[in-house]
Enquirer: 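For reference, the structure I am asking about is given below.
The structure presented is a predicted model; accordingly, all values stated were derived computationally and were not measured. By convention here, the first residue in the shown sequence is residue 1.
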Amino acid sequence: MSRSEIWAPVVAAIGASLLTTLATFGLLWVQRRWSARDAAQQERIAAYQDLLARTLTLALRADAVRQTIRFRSGLAEGLSVTLRQRRPLDSFELHDWLSEDWRPVSDAWSQVHVVGSQQAIDVADRLLDACGDLLAAATAFDQSRNRFTRVVRGEAPSDEQAKAYQAALRRMAGERVALARLARVEAGNEEVVFAFDRATAESESETRPS
């Protein structure tokens, strides 16, 4: 038996072992890469979900502030405070109460900037801007009313301010839907029709001339 005939099986075995090792390491590398990609995707979607949840809570709190300013003013409120049936409304406490939800929204927005796609960052920016407009509209009341009316009947928004609040609310809702839709696309989920889409379509059909 020649030397080449002796070494041929050895070389073949070594080659097979080397190929197996390379294939194993290659498979592990691919698995780790997929795992890292999945983790990044989950982190990204979680950031979107957090911003969606925080902005919804902020919208509810903005409406509560709007109603509080309206009903915690006027002659009846002043009488209740005078009789010590109710504590006077503190503007600083109201600000701090509102800030409790603004800070988490800001944190969630920042997280989208860290892990989100460019398109998600753009939507998040518009959503944060819409949140600011909503808060401004929620705390706006008609300062042109005479002082006596404001003291007796309390604060109230003008018709224009009420419309501005509704417009700000719709804008915020639209940006939230845009972010939710993008999150579903990036997560690979099927397309759906949101309630906001149906409401918008119905509103457009009602205003469209027959």
Side-chain angles (χ1 to χ4, degrees), residues 32-72 89-141 157 160-204:
R32 288 176 181 174
R33 188 173 181 83
W34 283 348
S35 178
R37 185 178 300 175
D38 289 343
Q41 181 74 354
Q42 291 175 5
E43 185 180 17
R44 173 178 290 186
I45 299 303
Y48 300 166
Q49 291 174 334
D50 191 35
L51 183 56
L52 286 170
R54 299 296 186 180
T55 50
L56 177 59
T57 303
L58 182 67
L60 296 175
R61 186 159 291 206
D63 186 67
V65 169
R66 184 169 181 263
Q67 299 299 331
T68 298
I69 295 176
R70 182 175 181 179
F71 292 109
R72 290 294 304 273
L89 187 63
D90 190 310
S91 58
F92 290 103
E93 289 183 1
L94 189 63
H95 174 272
D96 293 342
W97 182 77
L98 195 57
S99 296
E100 289 178 9
D101 276 325
W102 181 256
R103 284 192 297 268
V105 168
S106 180
D107 291 342
W109 169 81
S110 300
Q111 184 64 14
V112 172
H113 271 246
V114 173
V115 301
S117 64
Q118 180 61 59
Q119 192 173 357
I121 290 173
D122 294 340
V123 176
D125 287 346
R126 295 197 304 269
L127 180 53
L128 190 71
D129 186 56
C131 288
D133 287 347
L134 180 65
L135 292 178
T139 54
F141 289 89
E160 184 177 347
Q161 289 169 335
K163 291 178 181 177
Y165 174 77
Q166 292 300 325
L169 191 61
R170 284 194 300 271
R171 181 192 172 199
M172 181 181 177
E175 298 299 349
R176 290 187 71 256
V177 168
L179 181 59
R181 184 176 289 112
L182 178 63
R184 293 184 65 87
V185 170
E186 294 190 7
N189 296 330
E190 70 277 6
E191 294 185 8
V192 296
V193 177
F194 293 94
F196 178 83
D197 299 326
R198 293 193 181 95
T200 302
E202 290 175 0
S203 177
E204 290 177 350

Enquirer: Locate the shortest heavy-atom distance separating Phe194 from Ala180; write the atom from each residue and the value.
Expert: CZ-CB, 3.9 Å
Enquirer: Glu186: what forms a salt bridge (charged side-chain N to carboxylate O under 4.0 Å, His left out) with it, not counting sequence neighbours?
Expert: Arg44
Enquirer: Supply the atom-to-atom distance Asp107 CG to Trp102 CH2, rounded to the nearest 0.5 angstrom.
Expert: 11.5 Å
Enquirer: Between Met172 and Cys131, which heavy-atom pair has the shortest distance, and what is it?
Expert: CE-SG, 3.6 Å
Enquirer: Among Val123, Leu128, Leu127, which residue meets the side chain to side chain contact (heavy atoms under 4.5 Å, CB included) test with Leu51?
Expert: Leu127
Enquirer: Applying salt bridge (charged side-chain N to carboxylate O under 4.0 Å, His left out) as the test, list every pair that has at least one member in residues 108-125; sequence neighbours left out.
Expert: none
Enquirer: Taking all atoms of both residues into account, what is the closest heavy-atom pair of Glu175 and Arg126, and its distance?
Expert: OE1-NE, 3.1 Å
Enquirer: How long is the gap from NZ on Lys163 to CD on Glu160, to the nearest 0.5 Å?
Expert: 8.5 Å
Enquirer: If you measure from CZ on Arg184 to CD1 on Ile45, what distance do you get to the nearest 0.5 Å?
Expert: 10.5 Å
Enquirer: Quick check: closest heavy atoms across Ala47 and Val112, and the distance to 0.1 Å?
Expert: O-CG2, 3.8 Å
Enquirer: What closest approach, in Å, do Leu179 and Tyr48 show between heavy atoms, and which atom pair accounts for it?
Expert: CD2-O, 4.0 Å
Enquirer: Are the side chain of Arg176 and the backbone of Leu52 linked by a donor-acceptor contact shorter than 3.5 Å?
Expert: yes
Enquirer: Which heavy atom of Leu182 sits nearest a heavy atom of Ser117, and at what distance?
Expert: CD2-OG, 4.3 Å
Enquirer: Considering residues at least two apart in sequence or located in another chain, which fulfil the side-chain contact (heavy atoms from CB on, under 4.5 Å) criterion with Arg54?
Expert: Asp50, Pro104, Val105, Ala108
Enquirer: Quick one, Arg181 and Phe196 - any side-chain contact, counting heavy atoms below 4.5 Å?
Expert: no
Enquirer: Side chains of Tyr165 and Thr139: does their closest heavy-atom pair fall under 4.5 Å?
Expert: no
Enquirer: Please check if atom CD in Gln119 has more than 12 non-hydrogen atoms from other residues, nucleotides or ligands closer than 6.0 Å.
Expert: no
